[in-house]
Amino acid sequence: MSEEKFYFQTEAAELLQLMIGSVYSNKDIFLREIISNASDALDKRRIEILKNSELAENANPEIKIEINTDEKTLSVSDNGVGMSREDLINYLGTIAKSGTKEFLKAARSENKELNEDLIGKFGVGFYSVFMVAKKVEVVTRKIGTEKTFKFISDGTGEYTIEDFPTRNECGTTVTLFMRDAKDEEDSAAKNYLDEWTIKEIIHKYSDFISYPVIFKDETINSRKAIWQRSESEITEDEYNEFYKHLTNDFSEPLTHIKINAEGSTNFKGLLFVPSRAPFDLFMNPQSGGVSLYIKRVFIMNDFKSLIPDYLRFIRGVIDSEDLPLNISREILQDDPIIRVIKRSTQRKIFGELKKLLEKDREKYIKFWLEFGRIFKEGVIQDKEYSKKILEISLFRTTANDEWTTIGEYKSRMKPDQKGIFCLAGRDSATALKASPKLDSYNEKGYEVLLMTDPVDEVILSDLRFILPDSEDRLLNISDSDVSAQTDDEKKSAEEKIKSLENDFAPLKKTAMEVLAKKISDVKLSLSLTGSAASLTGGLSFQMQSLMRSAGHNVPNSPKTLELNAEHPVVKKLMSMAKDNSEKVSDILKILYDQAAILEGALPDDPADFAKRINDLVAIAIGE
Ligand code: ADP
């Protein structure tokens, strides 16, 4: 088999087309992308050799850049892992990254040429070479194999792979056949065959690459691990470039956290809070993570044991001085040094987040909007930190339209308040604000925290267990034993309701028959003011649908229908029920559906609901 023709996967072909037509002004990044791939390939080679020492070759790992101005080619060679024929098809002929698919979706909807903003938002990797090259050849030999292959593509819909006389060592050479600068519409187009241009790009984007990047027999990059340098000498640009190299994220990080631990355990770290969540962060608890280095040597990516699951959005590098270089991955998981590093890293992250909240609220809100949901999972996962997490959590509130912390809530609390009132459920604060459960709190001027994330409900239901002796009592106003009323008020309400018992009995009987499948009880209440009915108790509808969509069986969770004893509709209903009116059951069904809608559920039978409302409207307008 000498030469075989392949077609790019549809998405890959589309992306290539976009690259060829690109007007993106920062084309320099193509070189960063290939150097970054070469550096990854050298990391992977190291790991292969660790697993199987027979694979070791004598050559020192390096990345070499060459230009040929006659042929108009620029090539980047590495002696990394290399690729097999299948790898070429799977990695270069196919788009595997979900982010790239999202990128294409966004580009399609823009329905125009790829603009700067889009390229800036997504990593597009290898394909970016077609912004500057009219043809690319990749010659590669995979570690531990004898055969060398050559991949050729001109960026149209197809590519070829052919056998190639063998390379002396494993690794990859990517050769770009550059487009003529004069072919470019853009007169400012750079000449990427120019020595100074190349050096400048390497300095700018690839300085911290830990392998030598050699051009014209000179090592161009300083190779100084950025996390080893002192904070005062690192520029914001350098942090940003390092972050992009590490994560493949094209946007700037929100903030960075530098760690310099000295004492019984010595390590350095450079961590980042990204400015946006990657596409799979919520679905995939395995995504993200921190890379582990030992004495500046890369050991592994995405090491989960370094950081708790609920901080998995944090990216970066931890470099230990104390661990032995030849330590096995299995041992690493349980190593006591790793545990110490984890604890102190966690402490540092919390300190920095707290500082951010205090010093730059706007940035903190950005962080919260992207990652708050995940961060709060920690309240349940990590008891030691539950309280600290709640302390720097942001919530919506009935008091205003801003975000608030529990501390700020406390400063506004009424003197007689016994705890922090909370209401969970629904997916937006605006929807939650319409809940009849808030009636009595609004009337009395009590502020209530509105908790709209799925995890909030779990937090509230487990709170007594999570924070058994916290002075910041979070009180779930959906709980039957939490109320806005004072003891005296409760007592007189109970007496009043008791006095209505006989009047209520016929209505109660009908309601229990008509709504038998939906409710476990029906009660009169004096804590509703505006609304006629409310549903309390049981799992919220939001939680039920979440559990259903996650494939769980939803436990039977019947609710109590509370009817407002002072509402004219309820008063009238009581007397209608006494007279055995047929309309009572219809109206009860409407009240139930209304209460369910206010809790964020749809009526079980929307058509039936609409019909009953129409019938009522007809009566109201005298039809
Ligand atoms: P990314 O690097 O973000 O995964 P790319 O499009 O840049 O995406 O590269 C796709 C894949 O091709 C890489 O993940 C890697 O498996 C493979 N690859 C690219 N360049 C090299 C190289 N120089 N050596 C070995 N494999 C490479």
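Ligands are counted one by one from 1 in listed order, and the atoms in each one are counted from 1 as well.
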Is it true that the side chains of Thr173 and Ser75 contain a donor and an acceptor less than 3.5 Å apart? no
Considering only residues two or more places apart or on different chains, which pairs with a residue in residues 199-209 satisfy salt bridge (charged side-chain N to carboxylate O under 4.0 Å, His left out)? Glu195-Lys199, Lys199-Glu218
Between Tyr205 and Asp28, is any side-chain donor less than 3.5 angstrom from a side-chain acceptor? no
For ligand 1, which is the ligand I care about here, please tell me if Phe126 has any N or O atom under 3.5 Å from one of the ligand's N or O atoms. yes
Taking NZ, NE, NH1 and NH2 as the nitrogens, is one of them in Arg276 or Glu370 under 4.0 Å from a carboxylate oxygen of the other? no
So which pairs with a foot in residues 31-68 pass ring-ring contact (aromatic ring centres under 6.0 Å, His included), sequence neighbours left out? none
Counting heavy atoms under 4.0 Å, the part of Thr140 that contacts ligand 1 is neither
Shortest heavy-atom approach to atom 26 (N) of ligand 1 - which of Arg45, Met83, Lys44: Met83
Side chain, backbone, both or neither: the part of Asp78 lying under 4.0 Å from ligand 1 by heavy atom: side chain
Please identify which atoms of ligand 1 are closer than 4.0 Å to at least one heavy atom of Leu92. 12 (O)
Got an N/O contact under 3.5 Å between Glu33 and ligand 1? no
